[in-house]
Amino acid sequence: MRLSRYFLPTLKETPSDAQIVSHRYMLRAGMVRQASAGIYSWLPLGLRVLRRIEQIVREEQDATGAREILMPTIQPADLWRESGRYDDYGKEMLRITDRHDRDMLYGPTNEELITDIVRREIKSYRDLPQNLYHIQWKFRDEVRPRFGVMRGREFLMKDNYSFDLNYEGARHSYNKMFVSYLRTFARMGLKAIPMRAETGPIGGDLSHEFIILADTGESAVYCHKDLLGFDITDQDIDFDADLQPIVDHWTSLYAAADEMHDPDSCPVAKEDLLEARGIEVGHIFYFGTKYSDAMNAKVTGPDGNEVAVEMGSYGIGVSRLVGGIIEASHDDRGIIWPDAVAPFHVGLINLRVSDDACNAACEDMYAKLMAAGIEVLYDERDASAGAKFADMDLIGLPWQVIVGPKGIGAGTVEVKRRATGETENLSPEQAIAKLAG
RNA sequence: CGGGGUGUAGCUCAGCCUGGUAGAGCACCGGCUUUGGGAGCCGGGGGCCGGAGGUUCGAAUCCUCUCGCCCCGACCA
């Protein structure tokens, strides 16, 4: 992509209403613009990151056997009256009336809709288990939106819902998501720690929040420091196998969010206890037959009797992750994208567009990088070197290739790793080989 | 929803206390010169000072009401 033909409105100065670092950088890097409190438009660079994250989530969901659907943003109020939540939800739910004076709402979540779909179509235990997900915009009319996209009113969320015949099946569905979430966040370059969460009226041990650590996290978290060394990426997972050992391993060490932590009864020795700030990026829980009972979602079991299906629901805050990743990965010059979610792999900087040799070298490099399947953002604007360096550091692409008259004379280009600042002078061929590898 | 703050050019802000008809830097447009970490000079465009009402000869400035946005708390993916 040629930068002069892209839409990347970067800001040199920090907009005054952005306080935390991810919000400031998302505005400055031209990723989003605010439409209203907690509601954002996504500009090209931000959208690319959002799509990257979404795709990783999608692939990891598919790998578990979950199936993607797409439910609407606007839902009829009647379904929520069935479950009893229309009155319970309060002002967080955005209520709308259509032209026929029917009560509608902008969905804050989708248990009612999915339960309605499943109860119509799933009649026999033979049709179970089932796990359906979608990635869709939600709206919760937060009293106080803040932190940019991390606590918006409108947000993109992956949510899915599992349906099983019995508790054992539901538990396996839950474990699948538990393991899947570990893999999903690890692929994004994040260290996410599962923590016991409040389970509400159902009780039991089947609710976990997945929290990434960042100094600016919104809540305090406490965990055994050895948890940071756990790794899920070094093993192949068979989602049909018993996943309980993996879950047991990850839950063997203490980890608790603020509201679940009691310093007096904490089993971890002080020197082993990590106190940090965290951002919740995922939440999974089992809720049994809460909705299937209320909404009459039953199947005929092997014994010929009807039973309410066992359900669980699982959420990942896709748009929140964009901010969360920045919180976890930045420096004082800008964003440092993990490779897996970076909007482009390489930023190519032409330091002197008025120089024929420099242009020719850049054009050649640009064409060859693209031919190698590498996503490149090519800064061929007629701007000062300093401005280009500053913008490229700000938008945080993993690699920079800097082409200027100095290097051209020596037959080299400069390859810089954004995260470390390390640079190497390489021939164009060596540079391409390095970036492709 | 309680408490606090803020609204002046695209952005960051000054001017307000002590009323006299709007400014700076950056950005933008034109020209020339520059060119390895947000360049220089010259010229230019852009603002019903969030909105409504009031006081006054006169309001960005004082008063009242209202709306937006931000921060702290309670609440939350």
Side-chain angles (χ1 to χ4, degrees), chain A residues 9-20 23-24 27-28 30 33-39 57 89-93 107-111 135-160 181 192 197-198 200 207-212 218-219 257-259 278-285 313-324 333-334 349-355 358 379 381-394 400-410 412-414 416 421 423 425:
Chain A
T10 58
L11 303 173
K12 196 153 113 184
E13 289 177 281
T14 300
S16 58
D17 46 357
Q19 301 298 318
I20 63 161
H23 191 195
R24 290 201 301 257
L27 290 169
R28 287 192 52 207
R33 288 294 182 263
Q34 181 167 312
S36 175
I39 302 177
V57 170
Y89 221 92
K91 298 179 90 171
E92 250 193 13
M93 180 189 283
T109 177
N110 286 65
E111 279 83 1
I135 300 173
Q136 176 65 293
W137 292 92
K138 308 287 191 292
F139 194 91
R140 293 184 193 171
D141 201 357
E142 298 278 347
V143 193
R144 191 185 155 210
R146 65 186 114 166
F147 305 148
V149 299
M150 289 209 300
R151 181 79 181 281
R153 292 193 291 171
E154 188 182 57
F155 56 97
L156 186 62
M157 179 173 163
K158 184 285 299 175
D159 46 319
N160 57 323
Y181 275 30
E198 308 216 37
S207 179
H208 287 89
E209 293 177 344
F210 288 75
I211 297 197
I212 58 174
E218 53 185 332
S219 55
D258 208 12
E259 68 273 11
I279 299 166
E280 182 183 351
V281 291
H283 196 160
I284 61 178
F285 54 97
S313 80
Y314 318 89
I316 289 180
V318 175
S319 51
R320 168 178 282 192
L321 272 165
V322 179
R333 287 204 300 277
I349 298 179
N350 183 341
L351 280 181
R352 182 108 33 116
V353 294
S354 59
D355 183 289
C358 203
D379 189 351
R381 296 173 302 172
D382 184 14
S384 72
K388 294 185 180 188
F389 286 133
D391 270 348
M392 203 56 84
D393 285 345
L394 175 64
Q400 297 174 11
V401 175
I402 299 157
V403 179
K406 282 186 194 169
I408 295 298
T412 63
V413 299
E414 190 175 318
K416 175 178 157 187
T423 63
N425 290 310

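Chain identifiers are assigned alphabetically (A, B, ...) following the order of the sequence lines, protein sequences preceding nucleic acid strands; residue numbering begins at 1 within each chain. All values below come from the heavy atoms of this structure, side chains included, with hydrogens, waters and symmetry mates left out. On a predicted model such as this, the values are computed, not experimentally measured, just so you know.
Heavy atoms of A:Gly90 sit nowhere under 4.0 angstrom from any nucleic acid atom. Here A:Ser36 lies in heavy-atom contact (under 4.0 Å) with sugar-phosphate atoms only.
Atom name C1', nucleotides B:A22 and B:A60: the rounded distance is 8 Å, in whole Å. Atom name C1', nucleotides B:G46 and B:A27: the rounded distance is 12 Å, in whole Å. B:G51 and B:C67: their C1' atoms are spaced 7 Å apart (whole Å).
Under the side-chain hydrogen bond (donor to acceptor under 3.5 Å, both in side chains) criterion, A:Ser313 pairs with A:Glu111, not counting sequence neighbours. With sequence neighbours left out, A:Arg28 forms a salt bridge (charged side-chain N to carboxylate O under 4.0 Å, His left out) with no residue at all. Legend: residues meeting side-chain hydrogen bond (donor to acceptor under 3.5 Å, both in side chains) with A:Asp141, ordered by chain and number and at least two apart, are A:Arg153. With sequence neighbours excluded, the residues that form a side-chain contact (heavy atoms from CB on, under 4.5 Å) with A:Ile408 are A:Ala357, A:Ala361, A:Val403. Legend: residues meeting salt bridge (charged side-chain N to carboxylate O under 4.0 Å, His left out) with A:Arg140, ordered by chain and number and at least two apart, are absent. A:Glu209 is linked by a side-chain hydrogen bond (donor to acceptor under 3.5 Å, both in side chains) to nothing, counting only residues two or more places apart in sequence or in another chain. A search for side-chain contact (heavy atoms from CB on, under 4.5 Å) contacts involving A:Ala390 returns nothing, not counting sequence neighbours. Contacts of A:Asn110 classified as side-chain contact (heavy atoms from CB on, under 4.5 Å), with partners at least two apart in sequence or in another chain: A:Met71, A:Gln75, A:Leu113, A:His134, A:Lys138, A:Asp159, A:Tyr161. Here A:Arg333 pairs with A:Asp393 under the side-chain hydrogen bond (donor to acceptor under 3.5 Å, both in side chains) rule; sequence neighbours left out.
One can find a donor-acceptor pair under 3.5 Å joining the base of B:G25 and the side-chain atoms of A:Glu13.
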Below 3.5 Å between N/O atoms, which protein atoms pair up with nucleotides 22-24 of chain B? Just atom names and distances, please.
none

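In the set B:C76, B:C70, B:C72, B:C70 carries the atom at the smallest distance from any side-chain atom of A:Gln19.
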Checklist outcome for this item: Letter by letter from the 5' end, nucleotides 1-9 of chain B scores (B base, S sugar-phosphate only, - none; protein heavy atoms under 4.0 Å) B--------
Next on the checklist: Strictly under 4.0 angstrom, non-hydrogen atoms only: write out the protein contact profile of nucleotides 31-47 of chain B, one letter per nucleotide from the 5' end, B, S or -.
Outcome noted: ----BBBBS--------
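Going from atom CZ of A:Phe147 over to atom C1' of B:C69 covers 16 Å, rounded to whole Å. Regarding A:Glu209, its CD atom lies at a distance of 10 Å from the C1' atom of B:C76, rounded to whole Å.
Proximity of A:Gln34 to the phosphate of B:C70: a side-chain N or O atom is located under 4.0 Å from OP1 or OP2.
Of all nucleotides present, only B:U12 satisfies the Watson-Crick or G-U wobble test against B:A24, with each distance under 3.5 Å.
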